[in-house]
Amino acid sequence: MSKKTVALPQDFILGAASSAWQTEGWSGKKEGQDSYMDLWYKNDRHVWHDGYGPAVATDLFNRYEEDVALMKQAGLTHYRTSINWSRFFTDYENGVIDEEYAAYYDRFLDAIRAAGVEPMICLEHYELPGYLFETYGGWSSKKVVELFVLYAEKVFARYHHKVTRWFTFNEPIVVQTRVYLDALRWPYQQSTDTWMQWNHHKNLATAKVVKLFREKGYQGSVGAILNPEVTYPRSSAAHDLKAAERYDLFYNRVFLDPMVKGEYPAELVRLLDHHGVKWEYTADELAIIRDNTVDELGINLYYPHRVKAPSRAWNPETPFHPAWYYEPFELPGRRMNKSRGWEIYPRIIYDMAMRIKDEYRNIPWFIAESGMGIENEGQFRDNDGVIQDDYRIAFIGEHLFEALRAREDGANCQGYMLWAFTDNVSPMNAFKNRYGLVEIDLQHQRARRLKKSASWYRGVSESRSLTLNLDDEWK
Ligand code: BGP
(Lines give C-alpha, C1' and ligand atoms only; values in the text may rest on other atoms or scores of the structure.)
Protein backbone atom coordinates (compact mmCIF):
# COMPACT_ATOMS: atom_id res chain seq x y z
CA MET A 1 0.00 0.00 0.00
CA SER A 2 1.53 3.35 -0.98
CA LYS A 3 1.10 6.35 1.28
CA LYS A 4 2.19 9.93 1.52
CA THR A 5 2.35 12.16 4.57
CA VAL A 6 2.16 15.96 4.68
CA ALA A 7 2.48 18.28 7.65
CA LEU A 8 -0.19 20.81 8.69
CA PRO A 9 1.25 24.21 9.61
CA GLN A 10 0.87 24.81 13.37
CA ASP A 11 -1.67 27.61 12.94
CA PHE A 12 -3.70 25.80 10.28
CA ILE A 13 -7.41 25.66 11.18
CA LEU A 14 -8.94 22.21 11.29
CA GLY A 15 -12.54 22.84 12.10
CA ALA A 16 -16.13 22.11 11.28
CA ALA A 17 -19.16 24.23 10.48
CA SER A 18 -22.89 24.39 10.94
CA SER A 19 -25.54 27.08 11.26
CA ALA A 20 -28.12 28.18 13.79
CA TRP A 21 -31.24 27.29 11.80
CA GLN A 22 -29.90 23.86 10.79
CA THR A 23 -29.17 22.81 14.37
CA GLU A 24 -30.86 24.73 17.18
CA GLY A 25 -34.54 23.89 16.78
CA TRP A 26 -37.49 25.99 17.93
CA SER A 27 -37.23 25.41 21.71
CA GLY A 28 -37.80 28.72 23.43
CA LYS A 29 -38.65 30.48 20.17
CA LYS A 30 -41.29 33.15 20.62
CA GLU A 31 -44.29 34.13 18.56
CA GLY A 32 -43.19 36.30 15.63
CA GLN A 33 -39.60 34.99 15.61
CA ASP A 34 -39.80 32.93 12.42
CA SER A 35 -36.93 33.17 9.97
CA TYR A 36 -37.37 33.01 6.21
CA MET A 37 -36.42 29.31 6.44
CA ASP A 38 -39.06 28.71 9.12
CA LEU A 39 -41.71 30.37 6.96
CA TRP A 40 -40.72 28.28 3.97
CA TYR A 41 -40.94 25.12 6.08
CA LYS A 42 -44.32 26.12 7.54
CA ASN A 43 -45.76 27.04 4.14
CA ASP A 44 -44.33 24.20 2.11
CA ARG A 45 -43.60 21.32 4.37
CA HIS A 46 -44.26 18.62 1.77
CA VAL A 47 -41.04 19.50 -0.09
CA TRP A 48 -38.93 18.76 3.00
CA HIS A 49 -37.58 15.21 3.05
CA ASP A 50 -39.67 13.01 5.40
CA GLY A 51 -41.15 16.20 6.88
CA TYR A 52 -38.03 16.98 8.94
CA GLY A 53 -36.93 20.62 9.05
CA PRO A 54 -35.83 23.43 11.32
CA ALA A 55 -38.53 22.77 13.96
CA VAL A 56 -36.41 20.38 16.01
CA ALA A 57 -33.31 20.17 13.80
CA THR A 58 -30.63 18.61 16.05
CA ASP A 59 -32.14 20.21 19.17
CA LEU A 60 -28.84 21.97 19.80
CA PHE A 61 -30.59 24.60 21.90
CA ASN A 62 -31.11 21.97 24.60
CA ARG A 63 -28.05 19.85 23.89
CA TYR A 64 -25.20 22.24 23.22
CA GLU A 65 -23.16 21.03 26.21
CA GLU A 66 -23.13 17.51 24.84
CA ASP A 67 -22.14 18.77 21.41
CA VAL A 68 -19.36 20.99 22.71
CA ALA A 69 -17.85 17.97 24.50
CA LEU A 70 -17.92 16.15 21.16
CA MET A 71 -16.17 19.09 19.43
CA LYS A 72 -13.25 18.44 21.71
CA GLN A 73 -13.34 14.72 21.03
CA ALA A 74 -13.30 15.36 17.30
CA GLY A 75 -10.19 17.53 17.66
CA LEU A 76 -11.72 20.74 16.28
CA THR A 77 -9.56 23.83 16.51
CA HIS A 78 -12.42 26.07 15.31
CA TYR A 79 -16.18 25.84 15.05
CA ARG A 80 -18.27 28.03 12.79
CA THR A 81 -21.94 28.68 13.15
CA SER A 82 -24.36 31.61 13.00
CA ILE A 83 -26.41 33.68 15.39
CA ASN A 84 -30.08 33.47 14.55
CA TRP A 85 -31.10 37.05 13.68
CA SER A 86 -34.77 36.08 13.79
CA ARG A 87 -34.43 34.94 17.42
CA PHE A 88 -31.99 37.53 18.67
CA PHE A 89 -34.66 40.25 18.86
CA THR A 90 -38.22 40.51 20.03
CA ASP A 91 -38.46 43.78 18.05
CA TYR A 92 -36.37 43.98 14.88
CA GLU A 93 -37.16 47.63 14.16
CA ASN A 94 -35.96 48.92 17.51
CA GLY A 95 -33.32 46.32 18.22
CA VAL A 96 -34.88 44.96 21.41
CA ILE A 97 -32.81 41.92 22.36
CA ASP A 98 -34.46 38.66 23.37
CA GLU A 99 -32.54 38.22 26.61
CA GLU A 100 -33.40 34.55 26.84
CA TYR A 101 -31.93 33.72 23.44
CA ALA A 102 -28.95 36.04 23.95
CA ALA A 103 -28.19 34.38 27.28
CA TYR A 104 -28.31 30.94 25.63
CA TYR A 105 -25.80 32.24 23.15
CA ASP A 106 -23.58 33.55 25.95
CA ARG A 107 -23.53 30.10 27.52
CA PHE A 108 -22.94 28.35 24.21
CA LEU A 109 -19.99 30.60 23.31
CA ASP A 110 -18.50 30.25 26.78
CA ALA A 111 -18.72 26.47 26.56
CA ILE A 112 -17.05 26.40 23.13
CA ARG A 113 -14.20 28.58 24.34
CA ALA A 114 -13.82 26.61 27.55
CA ALA A 115 -13.35 23.50 25.41
CA GLY A 116 -10.37 25.18 23.73
CA VAL A 117 -12.23 25.62 20.42
CA GLU A 118 -12.36 29.02 18.72
CA PRO A 119 -15.84 30.12 17.63
CA MET A 120 -16.32 31.87 14.28
CA ILE A 121 -19.71 33.51 13.87
CA CYS A 122 -21.84 34.46 10.88
CA LEU A 123 -24.52 37.10 11.34
CA GLU A 124 -26.78 35.48 8.77
CA HIS A 125 -26.93 31.95 7.41
CA TYR A 126 -30.35 32.37 5.73
CA GLU A 127 -31.99 33.42 9.04
CA LEU A 128 -33.50 36.65 7.68
CA PRO A 129 -36.43 37.40 10.02
CA GLY A 130 -39.73 36.35 8.43
CA TYR A 131 -41.23 39.64 9.62
CA LEU A 132 -38.71 41.60 7.52
CA PHE A 133 -39.33 39.31 4.57
CA GLU A 134 -43.07 39.85 4.73
CA THR A 135 -43.07 43.53 5.71
CA TYR A 136 -40.30 44.88 3.49
CA GLY A 137 -39.65 42.16 0.91
CA GLY A 138 -36.48 41.19 2.76
CA TRP A 139 -33.23 42.24 1.11
CA SER A 140 -35.16 44.13 -1.59
CA SER A 141 -35.36 46.96 0.91
CA LYS A 142 -32.76 49.50 1.99
CA LYS A 143 -34.53 49.61 5.34
CA VAL A 144 -33.51 45.98 5.91
CA VAL A 145 -29.88 46.93 5.23
CA GLU A 146 -30.15 49.47 8.06
CA LEU A 147 -31.83 46.97 10.38
CA PHE A 148 -29.05 44.45 9.67
CA VAL A 149 -26.45 47.06 10.68
CA LEU A 150 -28.42 47.67 13.88
CA TYR A 151 -28.42 43.92 14.52
CA ALA A 152 -24.64 43.72 13.91
CA GLU A 153 -24.11 46.61 16.29
CA LYS A 154 -26.01 44.86 19.08
CA VAL A 155 -24.32 41.51 18.47
CA PHE A 156 -20.82 43.01 18.45
CA ALA A 157 -21.53 44.98 21.61
CA ARG A 158 -22.68 41.87 23.42
CA TYR A 159 -20.19 39.25 22.25
CA HIS A 160 -17.05 41.08 21.09
CA HIS A 161 -15.04 39.79 24.03
CA LYS A 162 -15.99 36.19 23.19
CA VAL A 163 -15.68 36.20 19.39
CA THR A 164 -13.05 37.88 17.24
CA ARG A 165 -13.73 36.37 13.82
CA TRP A 166 -17.02 37.59 12.38
CA PHE A 167 -18.70 37.03 9.04
CA THR A 168 -21.64 38.94 7.67
CA PHE A 169 -23.26 36.26 5.51
CA ASN A 170 -22.98 32.62 4.64
CA GLU A 171 -23.47 32.14 0.90
CA PRO A 172 -25.23 35.47 0.34
CA ILE A 173 -26.22 34.55 -3.23
CA VAL A 174 -28.19 31.43 -2.42
CA VAL A 175 -31.65 32.42 -1.19
CA GLN A 176 -32.38 34.95 -3.95
CA THR A 177 -31.00 32.63 -6.62
CA ARG A 178 -33.29 29.81 -5.56
CA VAL A 179 -36.30 32.05 -4.94
CA TYR A 180 -36.10 34.84 -7.53
CA LEU A 181 -33.84 33.59 -10.30
CA ASP A 182 -34.79 29.93 -10.52
CA ALA A 183 -38.12 30.01 -8.65
CA LEU A 184 -37.31 26.67 -7.01
CA ARG A 185 -38.31 27.68 -3.49
CA TRP A 186 -41.20 29.29 -1.73
CA PRO A 187 -42.65 31.76 -2.57
CA TYR A 188 -41.64 30.86 -6.16
CA GLN A 189 -41.33 34.29 -7.74
CA GLN A 190 -39.22 34.90 -10.80
CA SER A 191 -37.63 38.34 -10.89
CA THR A 192 -34.08 38.90 -12.04
CA ASP A 193 -34.38 42.53 -10.86
CA THR A 194 -35.12 41.38 -7.31
CA TRP A 195 -32.26 38.89 -7.48
CA MET A 196 -29.79 41.65 -8.32
CA GLN A 197 -31.24 44.00 -5.72
CA TRP A 198 -30.71 41.38 -3.01
CA ASN A 199 -27.14 40.83 -4.24
CA HIS A 200 -26.41 44.53 -4.06
CA HIS A 201 -27.98 45.06 -0.67
CA LYS A 202 -26.01 42.18 0.82
CA ASN A 203 -22.79 43.65 -0.58
CA LEU A 204 -23.77 47.03 0.83
CA ALA A 205 -24.73 45.55 4.20
CA THR A 206 -21.38 43.77 4.41
CA ALA A 207 -19.47 47.00 3.72
CA LYS A 208 -21.55 48.90 6.29
CA VAL A 209 -20.93 46.27 8.94
CA VAL A 210 -17.19 46.24 8.18
CA LYS A 211 -17.22 50.04 8.58
CA LEU A 212 -19.11 49.87 11.85
CA PHE A 213 -16.77 47.22 13.28
CA ARG A 214 -13.71 49.32 12.45
CA GLU A 215 -15.21 52.54 13.78
CA LYS A 216 -16.02 50.87 17.08
CA GLY A 217 -12.42 49.68 17.33
CA TYR A 218 -13.23 46.08 18.24
CA GLN A 219 -10.43 43.54 18.12
CA GLY A 220 -10.75 40.99 15.37
CA SER A 221 -11.96 40.85 11.81
CA VAL A 222 -15.05 40.88 9.64
CA GLY A 223 -15.28 38.72 6.56
CA ALA A 224 -17.90 36.90 4.55
CA ILE A 225 -18.46 33.27 3.63
CA LEU A 226 -18.91 32.98 -0.14
CA ASN A 227 -19.59 30.05 -2.42
CA PRO A 228 -17.93 30.92 -5.73
CA GLU A 229 -17.99 27.86 -7.94
CA VAL A 230 -14.79 26.90 -9.68
CA THR A 231 -16.14 27.00 -13.20
CA TYR A 232 -14.50 24.99 -15.95
CA PRO A 233 -15.42 25.41 -19.62
CA ARG A 234 -16.21 22.26 -21.59
CA SER A 235 -13.43 23.03 -24.07
CA SER A 236 -10.80 25.61 -24.88
CA ALA A 237 -12.90 26.93 -27.78
CA ALA A 238 -13.88 30.63 -27.60
CA HIS A 239 -17.64 30.01 -27.23
CA ASP A 240 -17.16 27.64 -24.26
CA LEU A 241 -14.64 29.97 -22.61
CA LYS A 242 -17.14 32.80 -22.91
CA ALA A 243 -19.86 30.68 -21.27
CA ALA A 244 -17.58 30.04 -18.27
CA GLU A 245 -16.50 33.67 -18.07
CA ARG A 246 -20.12 34.89 -18.06
CA TYR A 247 -21.15 32.32 -15.48
CA ASP A 248 -18.28 33.51 -13.32
CA LEU A 249 -19.39 37.14 -13.63
CA PHE A 250 -23.01 36.56 -12.65
CA TYR A 251 -22.52 34.06 -9.85
CA ASN A 252 -18.99 34.46 -8.51
CA ARG A 253 -17.64 37.91 -9.23
CA VAL A 254 -20.95 39.57 -8.26
CA PHE A 255 -19.82 39.06 -4.63
CA LEU A 256 -16.08 38.42 -4.84
CA ASP A 257 -15.26 41.69 -6.59
CA PRO A 258 -17.20 44.18 -4.46
CA MET A 259 -16.23 42.44 -1.22
CA VAL A 260 -12.51 42.08 -1.97
CA LYS A 261 -11.78 44.72 -4.62
CA GLY A 262 -14.45 47.22 -3.64
CA GLU A 263 -16.27 47.39 -6.97
CA TYR A 264 -18.59 45.48 -9.28
CA PRO A 265 -16.96 44.26 -12.49
CA ALA A 266 -17.72 46.86 -15.19
CA GLU A 267 -18.66 44.04 -17.56
CA LEU A 268 -21.26 42.73 -15.14
CA VAL A 269 -22.87 46.15 -14.78
CA ARG A 270 -22.85 46.52 -18.56
CA LEU A 271 -24.52 43.14 -19.12
CA LEU A 272 -27.20 43.81 -16.49
CA ASP A 273 -27.94 47.10 -18.19
CA HIS A 274 -27.90 45.53 -21.63
CA HIS A 275 -30.51 42.98 -20.55
CA GLY A 276 -32.67 45.59 -18.81
CA VAL A 277 -32.11 44.28 -15.27
CA LYS A 278 -33.19 47.05 -12.91
CA TRP A 279 -31.50 47.51 -9.54
CA GLU A 280 -31.23 50.59 -7.41
CA TYR A 281 -27.88 51.79 -6.26
CA THR A 282 -26.37 55.19 -5.55
CA ALA A 283 -22.91 56.67 -5.88
CA ASP A 284 -22.75 56.89 -2.07
CA GLU A 285 -23.49 53.18 -1.73
CA LEU A 286 -20.78 52.31 -4.26
CA ALA A 287 -18.34 54.50 -2.30
CA ILE A 288 -19.16 52.63 0.94
CA ILE A 289 -18.51 49.33 -0.84
CA ARG A 290 -15.25 50.71 -2.25
CA ASP A 291 -13.96 51.90 1.11
CA ASN A 292 -14.90 48.93 3.29
CA THR A 293 -13.71 45.65 1.83
CA VAL A 294 -13.59 42.54 4.00
CA ASP A 295 -10.65 41.35 6.11
CA GLU A 296 -10.89 37.72 5.10
CA LEU A 297 -13.00 35.25 3.17
CA GLY A 298 -14.40 31.86 4.00
CA ILE A 299 -15.06 29.87 0.86
CA ASN A 300 -17.44 26.96 0.56
CA LEU A 301 -16.23 24.48 -2.03
CA TYR A 302 -18.09 21.29 -2.77
CA TYR A 303 -17.92 20.44 -6.47
CA PRO A 304 -16.64 21.77 -9.77
CA HIS A 305 -19.02 23.63 -12.00
CA ARG A 306 -18.75 22.84 -15.67
CA VAL A 307 -20.41 24.76 -18.48
CA LYS A 308 -20.64 24.91 -22.23
CA ALA A 309 -21.97 27.47 -24.66
CA PRO A 310 -25.76 27.33 -25.04
CA SER A 311 -26.92 25.23 -27.91
CA ARG A 312 -30.41 26.72 -28.21
CA ALA A 313 -31.75 30.22 -28.69
CA TRP A 314 -33.38 31.96 -25.72
CA ASN A 315 -37.15 31.93 -25.65
CA PRO A 316 -37.98 35.65 -26.08
CA GLU A 317 -40.91 35.32 -23.65
CA THR A 318 -38.63 34.15 -20.82
CA PRO A 319 -37.19 37.04 -18.82
CA PHE A 320 -33.44 37.45 -18.73
CA HIS A 321 -31.59 34.87 -16.68
CA PRO A 322 -27.79 34.42 -16.67
CA ALA A 323 -28.40 31.00 -18.30
CA TRP A 324 -28.80 33.04 -21.48
CA TYR A 325 -25.03 32.59 -21.69
CA TYR A 326 -24.39 28.99 -20.65
CA GLU A 327 -25.64 25.46 -20.26
CA PRO A 328 -24.43 22.97 -17.67
CA PHE A 329 -21.93 20.42 -18.93
CA GLU A 330 -21.49 16.93 -17.47
CA LEU A 331 -18.01 15.55 -17.84
CA PRO A 332 -18.23 11.96 -19.08
CA GLY A 333 -16.72 9.58 -16.52
CA ARG A 334 -16.83 12.14 -13.73
CA ARG A 335 -16.44 10.85 -10.20
CA MET A 336 -19.68 11.38 -8.32
CA ASN A 337 -21.21 11.57 -4.89
CA LYS A 338 -24.42 9.95 -6.08
CA SER A 339 -26.40 10.77 -2.93
CA ARG A 340 -26.10 14.49 -3.56
CA GLY A 341 -25.54 14.39 -7.32
CA TRP A 342 -22.34 16.40 -7.05
CA GLU A 343 -19.11 15.69 -8.90
CA ILE A 344 -16.06 15.06 -6.70
CA TYR A 345 -12.97 16.90 -7.90
CA PRO A 346 -10.54 17.88 -5.11
CA ARG A 347 -8.53 20.02 -7.51
CA ILE A 348 -11.14 22.80 -7.10
CA ILE A 349 -9.42 23.71 -3.83
CA TYR A 350 -6.05 24.25 -5.46
CA ASP A 351 -7.52 26.11 -8.43
CA MET A 352 -9.55 28.45 -6.20
CA ALA A 353 -6.48 29.05 -4.03
CA MET A 354 -4.42 30.09 -7.02
CA ARG A 355 -7.18 32.35 -8.27
CA ILE A 356 -7.40 34.15 -4.95
CA LYS A 357 -3.63 34.47 -4.91
CA ASP A 358 -3.43 35.88 -8.42
CA GLU A 359 -6.66 37.85 -8.80
CA TYR A 360 -7.78 38.75 -5.28
CA ARG A 361 -4.55 40.11 -3.75
CA ASN A 362 -3.94 36.85 -1.88
CA ILE A 363 -6.41 37.92 0.81
CA PRO A 364 -6.44 35.58 3.84
CA TRP A 365 -9.06 32.89 3.34
CA PHE A 366 -9.97 29.41 4.45
CA ILE A 367 -12.17 26.61 3.24
CA ALA A 368 -15.31 27.31 5.21
CA GLU A 369 -17.25 24.27 3.98
CA SER A 370 -16.22 21.10 2.19
CA GLY A 371 -17.91 17.80 2.71
CA MET A 372 -19.85 14.82 1.58
CA GLY A 373 -23.53 14.13 2.24
CA ILE A 374 -24.35 10.41 2.12
CA GLU A 375 -27.77 8.78 2.10
CA ASN A 376 -28.60 5.76 4.31
CA GLU A 377 -25.39 6.00 6.27
CA GLY A 378 -26.74 3.45 8.75
CA GLN A 379 -25.69 0.72 6.28
CA PHE A 380 -22.06 1.45 7.21
CA ARG A 381 -22.56 0.87 10.93
CA ASP A 382 -20.24 -1.74 12.49
CA ASN A 383 -21.05 -4.16 15.33
CA ASP A 384 -20.17 -1.52 17.91
CA GLY A 385 -22.67 0.86 16.35
CA VAL A 386 -20.05 3.19 14.84
CA ILE A 387 -20.51 4.41 11.28
CA GLN A 388 -17.42 3.43 9.29
CA ASP A 389 -17.34 6.40 6.94
CA ASP A 390 -14.08 5.64 5.14
CA TYR A 391 -15.42 7.45 2.06
CA ARG A 392 -15.60 10.66 4.14
CA ILE A 393 -12.07 10.15 5.43
CA ALA A 394 -10.83 9.75 1.83
CA PHE A 395 -12.84 12.80 0.72
CA ILE A 396 -11.47 15.02 3.49
CA GLY A 397 -7.94 13.72 3.00
CA GLU A 398 -7.87 14.46 -0.70
CA HIS A 399 -9.38 17.94 -0.31
CA LEU A 400 -7.22 18.86 2.65
CA PHE A 401 -4.17 17.72 0.72
CA GLU A 402 -5.03 20.16 -2.09
CA ALA A 403 -5.28 22.99 0.45
CA LEU A 404 -1.87 22.15 1.90
CA ARG A 405 -0.35 21.86 -1.57
CA ALA A 406 -1.76 25.30 -2.46
CA ARG A 407 -0.37 26.74 0.72
CA GLU A 408 3.09 25.44 -0.16
CA ASP A 409 2.68 27.21 -3.48
CA GLY A 410 2.05 30.54 -1.80
CA ALA A 411 -1.73 30.53 -1.27
CA ASN A 412 -2.92 32.38 1.83
CA CYS A 413 -5.18 29.49 2.84
CA GLN A 414 -5.62 29.51 6.60
CA GLY A 415 -7.43 26.26 7.09
CA TYR A 416 -10.07 23.68 6.35
CA MET A 417 -13.53 23.31 7.85
CA LEU A 418 -15.72 20.34 7.25
CA TRP A 419 -19.41 20.65 6.58
CA ALA A 420 -20.63 19.58 8.98
CA PHE A 421 -19.82 19.02 12.62
CA THR A 422 -22.94 16.93 13.27
CA ASP A 423 -25.49 15.63 10.81
CA ASN A 424 -28.07 18.35 10.42
CA VAL A 425 -31.01 19.68 8.44
CA SER A 426 -30.35 20.70 4.82
CA PRO A 427 -32.78 22.92 2.94
CA MET A 428 -35.42 20.45 1.67
CA ASN A 429 -33.12 17.41 1.89
CA ALA A 430 -33.39 17.66 5.70
CA PHE A 431 -31.65 14.62 7.23
CA LYS A 432 -31.53 12.67 3.95
CA ASN A 433 -27.83 13.18 3.24
CA ARG A 434 -25.62 12.89 6.31
CA TYR A 435 -22.63 15.22 6.47
CA GLY A 436 -21.41 15.02 10.07
CA LEU A 437 -18.38 13.81 11.93
CA VAL A 438 -21.05 13.08 14.53
CA GLU A 439 -24.16 11.02 13.82
CA ILE A 440 -27.58 12.26 14.90
CA ASP A 441 -29.63 9.12 15.42
CA LEU A 442 -33.25 9.98 14.65
CA GLN A 443 -34.42 6.53 15.75
CA HIS A 444 -33.05 7.09 19.25
CA GLN A 445 -34.07 10.58 20.37
CA ARG A 446 -31.35 12.22 18.29
CA ALA A 447 -28.59 10.41 20.20
CA ARG A 448 -25.11 11.60 19.26
CA ARG A 449 -22.37 9.17 18.25
CA LEU A 450 -18.93 9.92 16.81
CA LYS A 451 -18.35 8.40 13.40
CA LYS A 452 -15.02 6.83 12.43
CA SER A 453 -14.13 10.08 10.63
CA ALA A 454 -14.28 12.01 13.92
CA SER A 455 -11.52 9.90 15.49
CA TRP A 456 -9.50 10.18 12.30
CA TYR A 457 -10.00 13.97 12.25
CA ARG A 458 -8.80 14.23 15.81
CA GLY A 459 -5.71 12.22 14.88
CA VAL A 460 -4.89 14.65 12.06
CA SER A 461 -5.52 17.62 14.32
CA GLU A 462 -3.33 16.34 17.15
CA SER A 463 -0.48 15.00 15.05
CA ARG A 464 -0.66 18.00 12.69
CA SER A 465 -0.04 15.61 9.86
CA LEU A 466 -2.11 14.06 7.12
CA THR A 467 -1.41 10.63 5.69
CA LEU A 468 -3.05 9.79 2.41
CA ASN A 469 -3.51 6.25 1.25
CA LEU A 470 -2.75 6.71 -2.42
CA ASP A 471 -4.44 3.47 -3.41
CA ASP A 472 -7.76 4.86 -2.17
CA GLU A 473 -7.72 7.65 -4.70
CA TRP A 474 -7.77 5.24 -7.60
CA LYS A 475 -10.22 2.58 -6.43
C1 BGP B 1 -24.08 24.90 1.80
C2 BGP B 1 -24.75 25.59 2.95
C3 BGP B 1 -24.97 24.72 4.14
C4 BGP B 1 -25.29 23.26 3.84
C5 BGP B 1 -24.42 22.72 2.71
C6 BGP B 1 -24.74 21.31 2.23
O7 BGP B 1 -24.44 25.48 0.61
O8 BGP B 1 -24.01 26.71 3.39
O9 BGP B 1 -25.94 25.36 4.92
O10 BGP B 1 -26.61 23.02 3.76
O11 BGP B 1 -24.44 23.57 1.61
O12 BGP B 1 -25.56 21.29 1.09
P13 BGP B 1 -27.02 20.70 1.09
O14 BGP B 1 -27.60 21.07 2.39
O15 BGP B 1 -27.73 21.34 -0.04
O16 BGP B 1 -26.85 19.24 0.89
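Keep in mind that the numbers below use all heavy atoms, side chains included, and drop hydrogens, waters and symmetry copies. Each ligand, and each atom within it, is numbered from 1 in the order the structure gives.
Contacts between Asn170 and ligand 1 below 4.0 angstrom, taking non-hydrogen atoms only, involve the side chain exclusively.
Distances between N or O atoms of Asn433 and those of ligand 1 include no value under 3.5 Å. Among the atoms of Trp342, none of the N or O lies under 3.5 angstrom from an N or O of ligand 1. Distances between N or O atoms of Asn429 and those of ligand 1 include no value under 3.5 Å.
Close contacts between ligand 1 and Arg340 involve ligand atoms 13 (P), 15 (O), 16 (O) [criterion: under 4.0 Å to a heavy atom].
Ring pair Phe12/Tyr416: centre-to-centre distance not below 6.0 Å. You'll find the ring centres of Trp365 and Tyr360 outside the 6.0 Å limit. For Tyr345 and Tyr232, the ring centers sit closer than 6.0 Å to each other. Between Trp195 and Phe320, the gap from one ring centroid to the other reaches at least 6.0 Å.
Contact analysis puts Pro427 in contact with ligand 1, with a non-hydrogen atom separation below 4.0 angstrom. In this structure, His125 is part of the shell of residues with a heavy atom less than 4.0 angstrom from ligand 1. Between Trp21 and ligand 1 there is no heavy-atom distance shorter than 4.0 Å.
Taking each of Trp419, Tyr435, Tyr302 in turn, the one with a heavy atom nearest to atom 12 (O) of ligand 1 proves to be Tyr435.
One side chain, His200 or Tyr264, offers a donor N or O that lies under 3.5 Å from an acceptor on the other. No hydrogens or angles considered: a donor-acceptor pair under 3.5 Å links the side chains of Tyr79 and Ser18.
Taking a cutoff of 4.0 Å between a charged side-chain nitrogen and a carboxylate oxygen, Arg234 and Glu330 do not qualify as a salt bridge.
Scanning the protein for heavy atoms near atom 2 (C) of ligand 1, the closest one is Glu369 OE1, 3.4 Å. The protein atom (non-hydrogen) at minimum distance from atom 7 (O) of ligand 1 is Glu171 OE1, 2.6 Å. Of all protein heavy atoms, the one closest to atom 14 (O) of ligand 1 is Ser426 OG, 2.6 Å. Residue, atom and distance of the protein heavy atom nearest to atom 10 (O) of ligand 1 are Gln22 NE2, 3.0 Å.
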Quiz prompt | Candidate pair Arg87 and Glu24, rule side-chain contact (heavy atoms from CB on, under 4.5 Å), full reasoning | solution = CA-CA 11 Å; Arg87 292 190 58 174; Glu24 66 191 10; 3.6 Å; yes
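Ser370 has its side chain out of reach of Leu301: every pair of non-hydrogen atoms, C-beta onward, lies at least 4.5 Å apart.
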